[in-house]
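Below: the structure, in structure tokens.
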Amino acid sequence: MTDSTFPVKWDLASLAPAPTTTVFRELLDQFKQTLANFAQSTNNLPAVDQNRENVRRWVTLLEQYEQLDAQATDLKALIECYMAADAECKAYQQLQAELATLTPHRELIATNIEFALKEASDEQFEEWVSSADEIERNAFFLKIRRRNSSLRLPKSQEVLAADLAVDGIHAWSRLYDRLSGSLKVQVQEKGKVVTRSPGQVQFDSPQRHVRENNFHAVDVAWSTVADTCAEALNHISGTRLTTYRHVGLCDHLESPLRHNRMKRETLDSMWSTITAGKGVLKEYFNSKSKLLGIDRMAWYDLTAPLPSLPGSSTSDELSYETACEQIIDSFQGFSPDFGDFARMALTKGWVEAENRSGKHQGAFCTGFPTAKQSRIFMTYTNSADSMSTLAHELGHAYHSWVLRDQPVFLQDYPMNLAETASTFAEAVLGEQRLKNARTDYERLQLLDAMLADSVVFLMNIHARFIFEDNFHKERVKGELTSDQLNVLMETAQKTAYRDALAEDGWNPRFWVSKLHFYISSLPFYNFPYTFGYLLSMGVYAVGQDSGKEFAETYRKLLIATGCQEAEDAVQSTLGFDLTKPDFWVKSLHIISSRVRQYSALTDYILSKLNSI
Ligand SMILES: [Zn+2]
């Protein structure tokens, strides 16, 4: 195959008519009408029982629902793709807003179905599920929906609460968005004070005083809104705790755990294994401090680049073709199925990678369930980083590919399982690059990036979890001031980072600057990340111990993410019990072996330098 077989632009035309055409408009209008009619029809659902007429109606209804859900996903994905590739186009923005108006219909359908399932007794439900194949194949989806219904208030209260939330909990979240969006930072650049938004101020300067100055400049800016953010945070979690009280939930972790289809024992086992094993990362900090020539790291040093050392050339340009070949090659090494998939996606126009202006920032992978295809959006910049991004997104696309023949409702997976395939794909490429690294410095850099990730998942996100957990416990007793929140955050950081940073090196106002605490629709936007990261590390570790047959086990695991609880998915495929430490220990072994390599390389490189 020649190089030109990897197009840098994607093909959207084969998926659907372009959004600006009249054919598309007709399709969309027709879809809107069908969805609205269907939503209306769910106001009058048949009983969940074995009555033949009821079962027949449910079968038709679920088929229609599946089809509409897939079409809604297709449409959303299509507009998302067109918008990302042409950020300025007003027509796409309008279409996106138009699609958003369909959300209430979809919510109405979900609510009506959950309430219908809630009304059935356990026995009735079980009998109903097995009364027809078309219902039975969606058994897991229906079971989850029925379980979610127990977190709902009575229907009339639910409706009132949802209406009030627009000016209540969601309004606090919007207030945060407005405050953080308009925040300005005064920062020194080339001897002049300039105004920047917080996102524009970086902490990756090779010069420590620049990192330190930037950190303090941003912190000063956040401190000006801390009191208002404390109000928002108090009321967001206050509203949640009130709702939990009304539905009879005593544990504030129950709802986020259910969202992620995992058990409390699993979460506890994961954190306690991390706590017992993360001490090894202090060794990484020691080595990195030596490389940076500092005594102890501070918060703003965590993202510091490695110093350039004699003989370290990092200017290698990586063409798109080379990156594609490298990815296919490393995936192929794991399994022919994975490699063939990557080749298909990269040659058949599934990827938009062109580096041009007018595109959105960032990267994503989105699925078109009806066509059983995905599309990947990114900007390829001839760097190793963007090659990793491409591998990450191809991992997501492979996940959807493996799930493509499952019923639509079993193609969905929760947040903690969403990053398994993508992080795994990155790990496959990363290990290959480590093996092929040409110099010690290149190897050191690769390990540094990998370990910086480990610090984020095992320490930074752990701190966020400890903070949020303790905050919820305190909030039950009353509101907290911004000073109290600072103390809570610094204590959480010291615990999570094992006191590894310098005495004045913490970031107590982190709770003000982190958007994740203010997402009103979802609490604890943290532990699923760590779960997903360690799950993919563990999968990688198990794969290393197994033979060629592991590729098939991996496929089965990916399929299980859509139709089983997290624990069952892992137990039935990898044979590990997530409520016990064994699996997590395996994941941590990968990290500790990387730390050992990093420390040895650091000592070797520094001793060579000193002997010059
Ligand atoms: Zn991802």
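Every number for a ligand or one of its atoms is a count from 1 in the order of the listing.
- Annotation: salt bridge (charged side-chain N to carboxylate O under 4.0 Å, His left out) contacts of Arg211 (sequence neighbours excluded): Asp301.
- Excluding waters, the protein N/O/S atoms found under 2.8 Å from the Zn ion (ligand 1) are His392 NE2, His396 NE2, Glu419 OE1, Glu419 OE2.
- Checked against the 6.0 Å centroid criterion, the rings of Trp271 and Phe465 qualify as a close aromatic pair.
- No hydrogens or angles considered: nothing links the side chains of His472 and Ser237 as a donor-acceptor pair under 3.5 Å.
- No more than 12 heavy atoms of other residues, nucleotides or ligands shown are found within 6.0 angstrom of CD on Gln361.
- Counting heavy atoms of neighbouring residues, nucleotides and ligands inside a 6.0 Å radius, atom NZ of Lys263 does not exceed 12 of them.
- If you run ring pair (Phe, Tyr, Trp, His ring centres under 6.0 Å) between Phe510 and each of Tyr497, Trp222, Trp299, only Trp299 comes through.
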